[in-house]
Amino acid sequence: MSQMLADQAYDDVIEHGDEAIENESAWNIFAEYPRITWRQDAVWRRQAARAFDDLAADLATGDWPLPRCPAEEMALHLTLRYAQAAVDDGWAGFDGPLKHVPEHPDDFEWDVLYDILFQDLDILSLFDMELDGIEDPETETNRSFGIGDYRPQAWFQSFNNMEPRDGRRPFRR
């Protein structure tokens, strides 16, 4: 699912480049990001697309897809949302490496994944219009919640308690 969303994000970059998001229906993925990101350029969006690939690579190597930065948090939120919708719709696209894993009663317990994979859900506050400005660590609201820097320019900086990814890793597209 994460690689499919990465493809859609890269398609957005190719089709729209540096355009600001105004017509949400014309976009595959980036219109689903918080409004504070809608004016970012193609370079920012390529990095955001790579966040989906980074999480998919974690899974491919047998690691948990633990977000290391805000861009990966958003990518994982969207991946889980799309995966849950796919399962709810009866999508039978699970023919990958996990197809031989036996079923478990806890399969598809989506809320548990949020508890396991995320340190917190602070990034979701960026969708709340009543909290506009919370992304800035200098605002009183941000300081009272203690969420840190969620301004778009900080989305690719690793969280203090996470190992940064290799900055020289390539883009898939």
Side-chain angles (χ1 to χ4, degrees), residues 1-18 27-34 36-37 40-89 91-104 106-124 126-127 147-173:
M1 182 63 63
S2 198
Q3 287 179 326
M4 180 186 78
L5 294 176
D7 285 337
Q8 291 180 2
Y10 285 119
D11 289 346
D12 274 346
V13 173
I14 292 167
E15 185 172 338
H16 299 286
D18 294 334
W27 293 76
N28 294 307
I29 289 296
F30 288 114
E32 296 187 47
Y33 275 60
I36 63 166
T37 67
Q40 298 306 303
D41 62 16
V43 172
W44 188 94
R45 290 177 180 144
R46 275 189 88 217
Q47 289 178 296
R50 184 171 59 186
F52 289 102
D53 281 336
D54 288 339
L55 295 172
D58 289 344
L59 283 172
T61 60
D63 293 327
W64 288 93
L66 300 175
R68 298 182 190 196
C69 63
E72 290 181 19
E73 279 185 323
M74 184 55 57
L76 187 55
H77 279 291
L78 289 172
T79 298
L80 291 176
R81 186 172 73 194
Y82 274 82
Q84 183 175 4
V87 168
D88 291 347
D89 289 345
W91 183 57
F94 294 105
D95 293 332
L98 299 179
K99 70 180 176 184
H100 300 294
V101 175
E103 288 188 29
H104 188 276
D106 291 339
D107 285 351
F108 309 116
E109 291 291 333
W110 302 102
D111 292 338
V112 174
L113 287 175
Y114 284 89
D115 291 338
I116 293 171
L117 299 176
F118 293 95
Q119 296 180 49
D120 56 51
L121 302 177
D122 291 342
I123 199 164
L124 298 180
L126 300 177
F127 290 102
I147 72 167
D149 195 349
Y150 276 85
R151 295 174 296 180
Q153 64 266 28
W155 274 41
F156 308 105
Q157 296 171 7
S158 294
F159 298 125
N160 292 335
N161 63 339
M162 299 298 286
E163 184 74 26
R165 294 196 187 272
D166 181 354
R168 298 168 296 168
R169 69 195 183 288
F171 289 93
R172 180 165 50 97
R173 289 178 45 192

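These numbers were taken from a predicted model, which means no experiment stands behind them.
No donor-acceptor distance shorter than 3.5 angstrom exists from the side chain of R165 to the backbone of R68, with no hydrogens or angles considered. Listed for the D18 side chain is a donor-acceptor partner under 3.5 Å among the backbone atoms of A42. With hydrogens and angles disregarded, no donor-acceptor distance shorter than 3.5 Å links the side chain of D149 to the backbone of A154.
With Y10 as the aromatic partner, R173 does not meet the cation-pi criteria of under 6.0 angstrom to the ring centre and within 45 degrees of the ring axis.
In this structure, E163 CD and S158 OG are separated by 8.0 Å, a value rounded to the nearest 0.5 Å. Considering NE2 of H16 and CG of N28, their distance stands at 7.0 Å, rounded to 0.5 Å. Interatomic distance, E32 CD to W27 CH2, rounded to the nearest 0.5 Å: 12.5 Å. Summarising the geometry, atom CG belonging to D53 is positioned 10.5 Å from atom CG belonging to L5; distances are rounded to the nearest 0.5 Å. The line from OH of Y33 to CG of L78 is 6.0 Å long, rounded to the nearest 0.5 Å.
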Could you go through I116 and W64, starting from their C-alpha distance and side-chain angles, then the distance that decides it, and tell me whether this counts as side chain to side chain contact (heavy atoms under 4.5 Å, CB included)? CA-CA 9 Å; I116 293 171; W64 288 93; 4.1 Å; yes

With side chain to side chain contact (heavy atoms under 4.5 Å, CB included) as the criterion, how do D120 and E73 come out once you've worked through the C-alpha distance, each side chain's angles and the decisive distance to 0.1 Å? CA-CA 9 Å; D120 56 51; E73 279 185 323; 3.7 Å; yes

Walk me through whether L55 and E72 qualify under side chain to side chain contact (heavy atoms under 4.5 Å, CB included). CA-CA 7 Å; L55 295 172; E72 290 181 19; 3.9 Å; yes

Should D54 and R169 be marked as a salt bridge (Lys or Arg N to Asp or Glu O under 4.0 Å) after you check the CA-CA gap, both sets of side-chain angles, and the distance that decides it? CA-CA 10 Å; D54 288 339; R169 69 195 183 288; 2.9 Å; yes

Go through T37 and R45 one step at a time and tell me if the side chain to side chain contact (heavy atoms under 4.5 Å, CB included) criterion holds. CA-CA 9 Å; T37 67; R45 290 177 180 144; over 6 Å; no

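Contact record, T79 with S2: OG1-OG, 3.6 Å, taken as the closest heavy-atom pair. Shown here for H77 and L124, the closest heavy-atom pair between the two residues is CE1-CD1, 3.7 Å. Across A49 and F30, no two heavy atoms sit closer than the pair N-CZ, 4.3 Å. Shortest non-hydrogen contact noted between I29 and D12 is N-OD2, 2.8 Å. Smallest separation of non-hydrogen atoms from F52 and A6: CB-CB, 3.5 Å. Residues P34 and W155 share a closest heavy-atom pair of CD-CH2, 3.9 Å.
Residue D111 qualifies as open at atom CG: its count of foreign heavy atoms under 6.0 Å is 12 or below.
Ring geometry for Y150 versus F159: interplanar angle of 30 to 60°, hence tilted.
Looking at heavy atoms from C-beta onward, L80 lies in side-chain contact with F118 at the 4.5 angstrom threshold.
Side-chain contact, Y82 with Q8: no donor N or O sits under 3.5 Å from an acceptor N or O.
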